[in-house]
Amino acid sequence: GQQVMQIPQYQHVQEGEDFTTYCNSSTTLSNIQWYKQRPGGHPVFLIQLVKSGEVKKQKRLTFQFGEAKKNSSLHITATQTTDVGTYFCAGSSNSGYALNFGKGTSLLVTP
Amino acid sequence: DTAVSQTPKYLVTQMGNDKSIKCEQNLGHDTMYWYKQDSKKFLKIMFSYNNKELIINETVPNRFSPKSPDKAHLNLHINSLELGDSAVYFCASSQDQGKWNTIYFGEGSWLTVV
């Protein structure tokens with residue numbers, strides 16, 4: 001079945017550094033969603049991208065959907081300790097009806 | 001009020017036992033899910049129900065049996081528990097089975113099999 005690959009699996013940064021996680025699919029995606037899971041918590045929806053080349057921002061977070069709708073990225077500017085957690089992308093192919101989650105990128109931010 | 005609530009939050013049990021996890025959502029959603037998250041944080045869908053009907057049944061041992069008495073509830077029963085069943089189990093819901101819907105997760109049930 002369609003898989004969504006996410007890299008890196010882990011990232012450790014100093015507070016104030018930038019962070020990016022990437023999500024890739026071998027097939028064209030109809031949409032992609034991003035979720036954040038704090039340590040000990042549950043995944044919480046952040047945003048959804050639908051259009052080719054779409055860019056959305058939430059404060060220090062920038063989300064992009066590739067022109068070919070096969071990849072996406074989440075970029076955090078000037079990380080803070082509150083950004084710690086695991087970030088998941090979840091995508092669905094044009095023919096599919098369910099979201100497939102990537103394996104997540106765990107971000108650790110040290111002060 | 002918690003939108004998706006599941007009980008128990010923590011469960012420690014011995015191999016071979018049978019246990020259940022209950023889930024309820026008060027969002028009025030039609031679709032509910034069970035996800036399993038292992039120690040590496042991989043989030044895998046197990047089952048999905050839409051209006052009490054099973055629509056997704058991934059490759060899961062038949063020791064796992066979901067039950068949906070109504071569209072607001074989706075319980076998970078596990079027979080003959082094994083060590084490898086230790087994980088966090090998340091119940092979730094969405095408006096319907098459309099792929100553009102946001103998925104709302106419960107707080108998780110941490111199952112440890114000893």
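Quick caveat: nothing in here was measured; it's all calculated off a predicted structure. These numbers come from the heavy atoms of this one structure, side chains and all, not from hydrogens, waters or symmetry mates. Residue numbering restarts at 1 for every chain, and letters A, B, ... go by the order of the sequence lines.
Nearest heavy-atom pair, B:Lys99 versus A:Ser92, reported as atom, atom and distance to 0.1 Å: CD-OG, 2.9 Å. The shortest non-hydrogen separation linking A:Ser106 to B:Lys41 is OG-CG, 4.4 Å.
Hydrophobic clustering (ILVMFWY, side-chain heavy atoms < 4.5 Å, transitive): B:Phe42 and A:Leu99 are in distinct clusters. Under the 4.5 Å side-chain heavy-atom criterion for ILVMFWY residues, a single connected hydrophobic cluster contains both B:Met46 and B:Leu11. Cluster annotation: B:Ile56 is not connected to B:Val60 through the hydrophobic network of ILVMFWY side chains, with a link wherever side-chain heavy atoms come within less than 4.5 Å. In the hydrophobic clustering of this structure, B:Leu74 does not group with B:Phe90; members are Ile, Leu, Val, Met, Phe, Trp, Tyr whose side-chain heavy atoms approach within less than 4.5 Å, directly or through other members.
Other residues, nucleotides and ligands place no more than 12 heavy atoms under 6.0 Å from the NZ atom of B:Lys52. Within 6.0 Å of CZ in B:Arg63 there are more than 12 heavy atoms belonging to other residues, nucleotides or ligands. No more than 12 heavy atoms of other residues, nucleotides or ligands sit less than 6.0 Å from atom NZ of B:Lys22. Other residues, nucleotides and ligands contribute over 12 non-hydrogen atoms within 6.0 Å of the NZ atom of B:Lys9. Within a 6.0 Å sphere centred on CD of B:Glu53, heavy atoms belonging to other residues, nucleotides or ligands number 12 at most.
In terms of heavy-atom pairs under 4.5 angstrom with chain A, the leader among B:Ile103, B:Val88, B:Leu43 is B:Ile103.
In this structure, B:Trp100 shares a hydrophobic cluster with A:Val50, the cluster being traced through Ile, Leu, Val, Met, Phe, Trp and Tyr side chains under 4.5 angstrom apart.
For residues 30-37 of chain B, a heavy-atom distance under 4.5 Å to chain A picks out B:Tyr35, B:Gln37, given by residue number. Proximity to chain A among residues 104-114 of chain B is limited to B:Phe105, B:Gly106, B:Glu107, B:Trp110, judged by heavy-atom separations below 4.5 angstrom.
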Between side-chain atoms of residues 13-23 of chain A and protein atoms elsewhere (two or more places apart, or another chain), which donor-acceptor pairs fall under 3.5 Å?
residue, atom, partner, partner atom, Å
A:Gln14, NE2, A:Thr110, OG1, 3.3
A:Glu17, OE1, A:Gln14, N, 2.9
A:Asp18, OD1, A:Ala78, N, 2.8
A:Thr20, OG1, A:His75, ND1, 2.7
A:Thr21, OG1, A:Gln6, NE2, 3.4
A:Thr21, OG1, A:Ile7, O, 3.4
A:Thr21, OG1, A:Thr105, OG1, 2.7

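A:Gln48 is not listed as a side-chain neighbour of B:Thr102, based on a closest heavy-atom distance of 4.5 Å or more.
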